[in-house]
Amino acid sequence: MDHFSLWLAAFLTLGIISFLYKDNPWYKLTEAIFIGISAGYWVVTLYWDNFYGKFWVNKGEEPTLWIGAFFGFLMLLRLIPKVGWLSRWPLAFIVGATSGLWLMNYFASNIMVQVQATIMPLFSTGYGTGFDADFATIVANFVIFFGTLTGLVYFFFSKEHKGAFGVGAKIGIFFLMITFGASFGYTVMSRMSLLIGRIDFLFGDWLGMIQ
Amino acid sequence: MNNFLLISLSDIGVIISLIVIFGGLLWLFVRSIKAKEVDRRIIFIFIFVAVAAPILFPITFQESATEVVKGVYNKIENLPAGSRILISFDFDPAMAPEVQPMANAISAHALEKGHKIIFMSLWATGQALLSQTLETVIIPQFPEKEEFVDYVNIGYKAGNEGVLNVIVADFRQMFPTDVNSVPLDSMPIFYNLKSCKDLDMIVSIGGGKPGPKEWVLFVGDPGNIPMGVGVAAVVAPQLYPYYPKQVVGILGGVKGAAEYESELVKNYQKFEDMETPGLRMMGPQTLAHIVIMSFIIIGNVIFFRSRRKDGTK
Amino acid sequence: MKNIFSIPILVCLVISIPFSIFAQEKQSDSLIETSKVIAEPATSLIVSDYKYDNGNSLKLNWVPSIDDQLPAGKVTGYELFRSVNGGGFERIAEFPPQKNSFQDDKVEIGSSYVYYIDALSKDTATSSAKTELINPEREWFNAGKIPLLIMALIIAGSIFYFIETARRGKTLFVRKIAGLEAIDDAIGRATEMGRPILFIPGIQDMDDVQTLAGLTILGRVSKVIADYDTRIFMPVSRSLVMTAGRETIKAAYQSAGRPDAYSDDMVNYITDEQFGYVAAVDGIMVREKPATVFLLGAFFAESLILAETGNSIGAIQIAGTARPAQLPFFIAACDFTLIGEELFAASAYLSGEPKQMGSLKGQDVGKAIALIVILIGVIAATFSTAWDIAFMTSIYDFFTTIFSVSK
Amino acid sequence: MKREIPLFITFFVGTLLIIAVFIPPIENIEKTFTLFFDIIAVFAFFLGGGNLIRVHVHKLVNGKKDWVYSLVTLGGFALMLIAGLFKIGNDGGIAASVTAEGSWFQEIFNYVINPLQSTMYALLAFFVASASYRAFRAKNKEATILLIAAFIILLGRTPFGMMLTGWIPDSFSIFQIPNLAIWIMNSANLAGQRAIMIGIGLGVVSMSLRLILGVERTYLGEEGK
């Protein structure tokens, strides 16, 4: 990094950090640079990767790509109020494609796989291994089993959380809370690493205060 | 007590910054008893100081190794001298700050115990990092160790899990030569070593795919070879189910590296002055965690005090 | 004299040359015989059509050579050869010892193939018998996915059934969801305070279902906003989401009978860049000071940055995402959080339409099935593993098969 | 017609993709559709990028408050467009990769976008702290559990976890805080994650069906009955 880019990076870094105190002109300037440059970055990337790389280069061999381009063109008709309603066609296409695609994907990876993963013997470390688990593992197995079941109970929509069902849902929300608390606590460390990186940059690369 | 808390209070800056942080927290705690809320900007300053101070004036905390980390340490400690260990660098530069310290510490430990190391990588970008470890850690620290006898770098081969599938049965099929095209057959370290099954231990350091998990599934488990793993913190929970059966131990994130380094520093005179990037990174981490926990406590004190106040009204 | 004696010697030498060469040859021949390693070939090479594909792969199985033993058998590996439409054989793959199967997915429908495999030893290769001629076949139905199909039909069927039941007028009970009950109040509050409402549909494009979920909720929310005559502001990070968002809000204003109050300026594209977008939204939050913030869609690391900034300006925040890693941050920093499934159910719930409510009831059937399967499955797995009870083993096998996802 | 055709397109495309999972000859159709999506997204960018320019030019021309920043945004946008579309500074000219080392485009990315991204990301360290201060209060049972779980894990991530509980004999090592933290991550945490994931799966299936069947049509303009 030469001098200019180093000072530029430091200027931008401090501009963002200054937002923690309050909104100020320095932050506004940094934000404006960020928006302008990054939006430009994405237009160019989209143009070269998607339009040029995926469409323009292959349009001869793959005539079906013109269907995509046609839908894209319909999208632009929004600019003409009279035929603007045609832009709903590509939207409808996208909504249909996204729903259809993810329906089966989520079905397989979220429902089937997770249910299957939960079907485990309680007193063993794996299926078909006999009584080989220690106390902590057995407790963990029970916790996973009851936690998953009660967690599911919590999500039931068509039953009031009352009586035995309500107790199940209550336990379920407790498990969800442990999950949230634990993941929160666990992530703190990686978030700090990012700040360590920036402070290393400021005091080290920029100011040269770290030996 | 001093040894219990801190192993190096390098200079006056450390003491001042610690006084500032803990003095400030104490002041806030006293205020909290009067149920006074803390402005978020004050919290921000505390976090900044807690992270910046240990970077400027290195503060290192004594880490005591947890059992999962000791698992790897003890395995290397207890193998007879001359055992052959494979260490795979399965990470890229983005992951390196978190996991390379582990690779360095484990390699140094193994060489010091007189083991022989085969270095390799399943990641194309891992190769440069591997050379870096060799040049900056292994060679300067162990000038007496000979390449091809005590260690060798067989480099990277494309093919992800496919590579593992092959070397579990035959090394030379995948790696006929080392990274500099020296045939494996000419090296003493590879004498009588046909496949991974002839190794005494495998250590995989990484955090993505392919990585430690694939090593366990494709090599360690089927070949019944002792495995130690070092992983980025985010993926560590996914590996704990394999401990202690399929892996002898796990180093998770910077903390894992720091624990390993502190074991080395504690037990080996040679390593007393070694570079300990893991421990160094743990300084800001630990202080930041303490600050956050202190603020959780302060928040709760404020909550209970103000509830009492409201109750008496 | 010397010369006379030398002649027979010379002759003898000349005659002996071929013999000596012969002898040498003989010697080297025998040398080869003792050092050359010849491995037995692999046997029973069988090629079969790979089931459930589009006719683009064939499956090969063989029995490894009897000399292929670990750790130190004679066989060092295998090479597979293939002939296409009666042409010459070409090497297409090589394998380590002990390998006994391969899937050739570089075949085309309409061509015919013959294979043989070589067992390699240090010096030579011995070939197996050739396979029969085979043509890859195309299947029209992937029978390997029958379990997936059955489960999908059961769950989709129950959702469909309850939608229909509700359409026919049967009222179905749906419990209250706190985060959604709060929406009206949150909008009302913004109206009272005379401040705008900020709606963030996540940072992903329209190809993420969570964005779709966010937009369906936007439809309901903006109708209420139109009724209350409050301002809504929606910065987005994708152009397509901008278009879809405008369409959605416009429709809501129309159905609320206030099409004139709608303006395209309600929805603005910022930038596709994750943190650039976040920087801008943070700026908008502190400058516009919205009274209510909705964060509904796919969020990544920025979830907490947005939620904390929103909190610092004192906005009521209703968040929801299906990314488990980000839920803890919303739980910590927002007033109401729609957890996973609730995000997708929200629009149906808010619509109040019976048939939409019906689909929620249908989802519950799915949950009930999952509950029962886990309950019985775990019991079966436990008994089967611990006491080896055959009946339990078959239950376990049944469930794991039904819930397996094959390729 | 204005409504029927879009509804039909959604229904047709959605159903086709679901069926394709089971029919090998068309199982790759999702790839084609994904390509279509990418192409549509480029066209949509004309609208998005156009809107960006319109909004900022509007501010500039009308001399609204903070118009200077709009000028900076427009300048940055134009700079990137020129650098990237004409591949300025790329060795090998227009045929080179747009992100070639040394090109203006890549240099600006490295020296402007990169530090901005990582600093924005690093703000999380501060917000994590302020959120824990505020949110982890024992207001009720749920919040108390959230607090305890977070606190144990946090403690387990520092040397103090071991210091406080290191005296516990090894046979009960599970109660040593670092081990307890790991145990929680792999039991209760896992259970919660699974319940959430199964729920999400059902939620997606149900919402997708509503969209495909046209029960949910808020995105389409005129509200359904």
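Atom set for the values below is all heavy atoms of this structure, side chains included, hydrogens, waters and symmetry mates excluded. We name chains A, B, ... by the order of the sequence lines, and we start the count at 1 in each one.
- Contacts of A/Phe180 with chain C are made by both backbone and side-chain atoms, with heavy-atom separations under 4.5 Å.
- Without hydrogens or angle criteria, C/Arg238 side chain to C/Ile203 main chain gives a donor-acceptor distance under 3.5 Å.
- Taking the ring centroids of A/Phe142 and A/Phe123, they lie under the 6.0 Å cut-off.
- No other option in C/Leu172, C/Ile339, C/Val174, C/Asp208 has as many heavy-atom pairs under 4.5 Å with chain A as C/Ile339.
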Exercise for the section: Could you give me the CA-CA distance, side-chain angles and deciding distance for C/Asp207 and A/Thr98, then say whether side chain to side chain donor-acceptor pair (under 3.5 Å) is met? Expected result: CA-CA 5 Å; C/Asp207 56 352; A/Thr98 306; over 6 Å; no
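- The cationic group of C/Arg175 lies under 6.0 Å from the six-membered ring centre of A/Tyr154 and within 45° of the ring axis, placing it in a cation-pi geometry.
- Using a 4.5 Å cut-off between heavy atoms, A/Phe145 touches chain C through its side chain atoms alone.
- Only the side chain of A/Ser124 comes within less than 4.5 Å of a heavy atom of chain C; its backbone N, CA, C and O stay farther away.
- Scanning residues 341-348 of chain C against chain A with a 4.5 Å non-hydrogen threshold yields C/Glu341, C/Glu342, C/Ala345, sorted by number.
- With a threshold of 4.5 angstrom between heavy atoms, C/Ile270 approaches chain A through its backbone and through its side chain.
- Here the CD1-CZ distance, from C/Ile305 to C/Phe300, works out to 14.0 Å after rounding to the nearest 0.5 Å.
- In this structure, chain A has a heavy atom under 4.5 Å from the side chain of C/Ile331, while its backbone stays farther away.
- Using a 4.5 Å cut-off between heavy atoms, C/Val209 contacts chain A through both its backbone and its side chain.
- Classification of the A/Trp85-A/Trp89 ring pair by plane angle, with boundaries at 30° and 60°, yields perpendicular.
- Within the 4.5 angstrom heavy-atom criterion, no atom of C/Asp388 approaches chain A.
- Among A/Leu149, A/Thr179, A/Ile16, the residue making the largest number of heavy-atom pairs under 4.5 Å with chain C is A/Leu149.
- Heavy-atom distances place no part of C/Ala156 under 4.5 Å from chain A, backbone and side chain included.
- Contact count versus chain C (heavy atoms, under 4.5 Å) is highest, among A/Tyr106, A/Tyr127, A/Phe155, for A/Tyr127.
- In this structure, chain C has a heavy atom under 4.5 Å from the side chain of A/Phe131, while its backbone stays farther away.
- Side chain of A/Gln116 to backbone of C/Thr400: a donor-acceptor contact under 3.5 angstrom is found.
- Once rounded to the nearest 0.5 Å, the distance linking OG of A/Ser190 with CG of A/Leu195 reads 12.0 Å.
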Exercise for the section: Please lay out, stage by stage, how C/Phe330 and C/Phe299 fare under the test ring-ring contact (aromatic ring centres under 6.0 Å, His included). Expected result: CA-CA 10 Å; C/Phe330 280 153; C/Phe299 290 90; 5.2 Å; yes
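- Heavy atoms closer than 4.5 Å to chain C are found in both the backbone and the side chain of A/Ile35.
- Contacts of A/Lys22 with chain C are absent, with no heavy-atom separation under 4.5 Å from either backbone or side chain.
- With chain A as partner, the option from C/Leu371, C/Leu360, C/Val286 having the largest number of non-hydrogen pairs under 4.5 angstrom is C/Leu371.
- For a residue to count as touching a neighbouring chain, one of its non-hydrogen atoms must lie under 4.5 Å from one of that chain's; by this rule C/Thr309 touches chain A with the side chain only.
- Only the side chain of A/Thr148 comes within contact range of chain C, with at least one heavy atom under 4.5 Å from a heavy atom of that chain.
- Using a 4.5 Å cut-off between heavy atoms, C/Gln274 makes no contact with chain A at all.
- For C/Tyr396, the part sitting under 4.5 Å from any heavy atom of chain A is the side chain, from C-beta outward, and nothing else.
- With a 4.5 Å cut-off on non-hydrogen atoms, C/Ile402 touches chain A through its backbone but not through its side chain.
- Distance alone, capped at 3.5 Å, is enough to place a donor-acceptor pair between the C/Thr321 side chain and the C/Gly297 backbone.
- When each of A/Phe11, A/Trp7, A/Phe201 is paired with A/Trp206, the ring pair (Phe, Tyr, Trp, His ring centres under 6.0 Å) condition holds for A/Trp7 and for no other.
- With a 4.5 Å cut-off on non-hydrogen atoms, C/Leu375 touches chain A through its backbone and its side chain both.
- Of the inter-residue distances, the one linking C/Ile379 atom CD1 with A/Ile119 atom CD1 reads 11.5 Å to the nearest 0.5 angstrom.
- A ring pair (Phe, Tyr, Trp, His ring centres under 6.0 Å) with A/Trp66 is found for one member of A/Phe55, A/Phe73, A/Trp56 and no other, namely A/Phe55.
- The candidate with the highest count of non-hydrogen atom pairs below 4.5 Å against chain A, out of C/Asp282, C/Ile177, C/Leu240, is C/Asp282.
- A donor-acceptor contact shorter than 3.5 Å links the side chain of C/Thr271 to the backbone of A/Ala39.
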Problem - side chain to side chain donor-acceptor pair (under 3.5 Å) between A/Asp134 and A/Thr137, intermediate numbers included - result: CA-CA 5 Å; A/Asp134 56 12; A/Thr137 314; 2.3 Å; yes
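- Chain A forms the most heavy-atom pairs under 4.5 Å with one residue out of C/Thr211, C/Ile155, C/Ile374, C/Leu212, and that residue is C/Ile374.
- Per-residue heavy-atom pair counts under 4.5 Å with chain C were compared for A/Phe157, A/Trp42, A/Phe34, and the maximum is reached by A/Phe157.
- Looking at C/Glu273, its side chain does come within 3.5 Å of a backbone N or O of C/Phe275 through a donor-acceptor pair.
- The distance between the ring centers of A/Phe107 and A/Trp102 does not fall below 6.0 angstrom.
- Partners of A/Phe19 by ring pair (Phe, Tyr, Trp, His ring centres under 6.0 Å), not counting sequence neighbours, listed by chain and number: A/Tyr27.
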Problem - Check against side chain to side chain contact (heavy atoms under 4.5 Å, CB included), C/Glu288 and C/Ile313 - result: CA-CA 10 Å; C/Glu288 307 281 329; C/Ile313 55 163; over 6 Å; no
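- Of the two parts of A/Phe184, the backbone and the side chain both hold a non-hydrogen atom closer than 4.5 Å to a non-hydrogen atom of chain C.
- Using a 4.5 Å cut-off between heavy atoms, A/Ser109 makes no contact with chain C at all.
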